Amino acid sequence: MGKSKKPILTDDAQAFALFLRDDPIAFCRHICKLNPHPAQKEFLTLNLIDGMHVCLPWFRQGGKSTIVAFYICWALFSIQGFRAFLFAPSGDQTKEIYNKICHIYETSPFLKRYIPAKQTGDTLTVGNADWDAKVELVRTGLTGDLGRGRSSSGKGIIVFDEFAHFLYGQQLRGSLTPIIASGGGEVVLSSPGDPGSPMHRLYETWKAFHSEGNSKYRVIECDWKQCPHITADWIESQRKEHESQGTQWIFEREILGRWVAPANTWFAHADIERCVLPSRPTHKRGDVYVWGMDAAGRGRSAFVVMIATFNQALGRMEVIDLRSFMFTNHKYRRDDTGSEIVKDFDQIEEILCDLRDQYPPAWIGFDPNTERSLFGRLENVYRLPMSEILVGGYQQKERFLVSLRKGISEGKVVWSDERITDQLRKFCPRKEETTGRWKWPETNTDIIVALGNIYQYLGEMDITPFDVTTGNRQSSEKFSVW
């Protein structure tokens, strides 16, 4: 079979390619099919590789991740030897940017014809050996421990996505300062967080540098009114929803893009951060697997299965897997929550059987609520070790949540999954002034229930579940009611 010939571009196509290389806004419109809003245009026109430091403190859905991805697409196409490194507190978060870049190079007919692109692991290489432009996804974890040893060679950028959620973001930036100082650019993006936080201090410092005449620092602000895909009606609906849940501070942060402190949070944010591990805990044959479930899926919540191992040496539960399901016909179904879409409970039962083979459960905490028939099938048909945890009534729910709050404050349950962190941070019950009773949020509690069920295992153990000295698992049929 003969060698494939390199496609020959017409004069018009060559002229179009040169036009795109000189104009990132045109590239964004013609290749990425996005007409950028004013803040995005301002970002695209910066000479980032000339040692610039740019901060994008935009609200959720402001398009910050999208425009950074499209800028990198343009730079890979336009700058020989370009390098981009994507850092975030979780691989999944940064993968959003990385996947957008790969998608453009996989689907654009013009790019596929004009310049080769090859994905190897977490690296996308664009062009031949002479062009050699690359973007790399760096899976750092919350502490950024794996982020060192990269080089932008003076012709690239380093991107910190969701910088506000790094536990040690400043230390990571410090370790990369020599790379940035050698000529590469730096982009920090995140929704606004706590006033006085490292992200807020960086935001204030860079604004001051720019106002003092230092053109190497730029903070680009973005208001929702600049975004044609966001309407006043949507803003108002979000405001009402957050007001009803007592989470106005989240509305101001994530929708309006303001720096505000958390209010009426049930779990202390400092306690939550201490329970977040930099990477998913390892597990091995012989570990004791504990499951927690929230059999929702009919209302606004998902059906959640959480799996943890019991670390006897540290006396804590370590979450190693989290599965979330929503039904195809779910009224409130959203495709951006990380939930898997299933047809019915039969399909969930099949998935649970597969999980049983992968993580043989020693104990499953489950609030049957309206799904008592499912509880019975799992216990009697599939012979799963079910333990009924009731969290339906007011007093039961309050005791359940007080117990979980205590466990988190003591570091008795830990995890690495960002979805757990996010739901705990946003759990904000309100106390009725007249009755003194808590008004519990009706949504975004499925993961908390599953986590609380797992934590209850520590209270239900009446013997050591695994004898380290002999390597034998011990079991008991008796569990005390918490």
Side-chain angles (χ1 to χ4, degrees), residues 267 271-272 274-277 280-296 303-324 352 355-369 371 374-375 378-379 382-392 396-417 419-421 423-424 445-468 472-482:
F267 304 97
D271 291 342
I272 295 171
R274 283 193 293 269
C275 292
V276 179
L277 301 176
R280 194 174 84 159
T282 58
H283 60 99
K284 58 188 182 301
R285 184 179 178 83
D287 280 345
V288 174
Y289 296 108
V290 175
W291 295 17
M293 288 191 199
D294 182 35
F303 186 113
V304 171
V305 181
M306 190 179 294
I307 300 170
T309 56
F310 175 62
N311 186 323
Q312 181 169 306
L314 297 177
R316 69 186 189 188
M317 307 305 300
E318 298 179 348
V319 178
I320 60 172
D321 205 352
L322 172 61
R323 303 286 293 273
S324 175
L352 294 179
L355 288 173
R356 177 182 58 185
D357 297 335
Q358 186 178 1
Y359 309 110
W363 182 90
I364 299 178
F366 188 115
D367 178 14
N369 199 5
E371 305 302 339
L374 175 64
F375 182 94
L378 295 176
E379 184 174 43
Y382 296 100
R383 310 302 297 173
L384 291 175
M386 309 299 292
S387 182
E388 186 173 334
I389 308 284
L390 298 177
V391 275
Q396 292 168 328
K397 188 172 292 185
E398 182 179 32
R399 190 162 61 242
F400 179 88
L401 289 167
V402 168
S403 173
L404 179 58
R405 182 170 60 187
K406 181 174 182 291
I408 289 174
S409 71
E410 296 174 349
K412 293 296 185 180
V413 56
V414 297
W415 61 87
S416 63
D417 195 302
R419 291 173 293 176
I420 301 174
T421 305
Q423 196 166 106
L424 289 170
T445 60
D446 41 25
I447 290 175
I448 291 174
V449 171
L451 185 70
N453 285 342
I454 279 178
Y455 174 64
Q456 292 302 318
Y457 176 71
L458 294 178
E460 290 208 356
M461 288 189 308
D462 61 350
I463 61 169
T464 303
F466 190 77
D467 190 339
V468 178
N472 293 323
R473 179 176 292 174
Q474 301 177 0
S475 63
S476 171
E477 298 298 326
K478 297 185 299 179
F479 290 109
S480 58
V481 179
W482 56 275

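Predicted model only: the values in this text are computed from it and were never measured.
Using a 4.5 Å cut-off on side-chain heavy atoms (C-beta onward), Val449 and Val304 make no contact. Contact of the Val391 side chain with the Asp294 side chain is not registered, since no non-hydrogen atoms from C-beta on lie closer than 4.5 Å. Between Tyr457 and Val288, the closest side-chain pair of non-hydrogen atoms falls below 4.5 Å. Here the side chains of Met306 and Asp417 are not in contact, with every heavy-atom distance at 4.5 Å or above. Counting heavy atoms from C-beta on, the side chains of Trp415 and Thr421 come closer than 4.5 Å. Counting heavy atoms from C-beta outward, Glu388 and Phe366 have side chains that stay 4.5 Å or more apart. Proximity of Asn453 to Phe400: side-chain heavy atoms (C-beta onward) are separated by under 4.5 Å at one or more points.
Of the possible polar contacts, one joining the Trp291 side chain to the Tyr359 backbone as a donor-acceptor pair under 3.5 Å is found. The backbone N or O of Leu355 lies less than 3.5 Å from no partner atom in the side chain of Arg323, so there is not a single donor-acceptor pair. Using modelled atom types, no side-chain atom of Arg405 and backbone atom of Phe267 make a donor-acceptor pair closer than 3.5 Å. Of the possible polar contacts, none joining the Arg419 side chain to the Ile447 backbone as a donor-acceptor pair under 3.5 Å is found.
Summarising the geometry, atom CG belonging to Leu401 is positioned 12.0 Å from atom CD belonging to Gln396; distances are rounded to the nearest 0.5 Å. In this structure, the separation between CG on Leu404 and OG on Ser409 is 9.5 Å, given to the nearest 0.5 Å. Atom CG in Asp287 sits 11.5 Å away from atom CZ in Phe310 (nearest 0.5 Å). The structure places CD1 of Ile307 at 12.5 Å from CZ of Arg356, a figure rounded to the nearest 0.5 Å. Remark: Ile320 CD1 to His283 NE2 distance equals 4.5 Å, nearest 0.5 Å. Note that the CG atom of Leu384 and the CE atom of Met293 stand 6.5 Å from one another [nearest 0.5 Å].
Here the shortest heavy-atom pairing between Trp363 and Ser387 reads NE1-CB, 3.3 Å. When all heavy atoms of Lys412 and Gly315 are compared, the closest pair comes out as CD-O, 3.4 Å. Closest approach of Leu451 to Val413, counting heavy atoms only: CD1-CG2, 3.5 Å. When all heavy atoms of Ala295 and Leu374 are compared, the closest pair comes out as CB-CD2, 4.5 Å. Among all heavy-atom pairs drawn from Gln423 and Ile448, the shortest one is OE1-N, 3.0 Å.
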Subject >> Trace of the side-chain contact (heavy atoms from CB on, under 4.5 Å) decision for Leu378 with Ile364 >> reply: CA-CA 10 Å; Leu378 295 176; Ile364 299 178; over 6 Å; no
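Residues meeting the side-chain contact (heavy atoms from CB on, under 4.5 Å) test with Glu398, sequence neighbours left out: Tyr394, Val402, Trp438, Trp440. By the side-chain contact (heavy atoms from CB on, under 4.5 Å) test, Glu318 pairs with Pro281, Thr309, Asn311, Leu314, Arg316, Val414, sequence neighbours left out.
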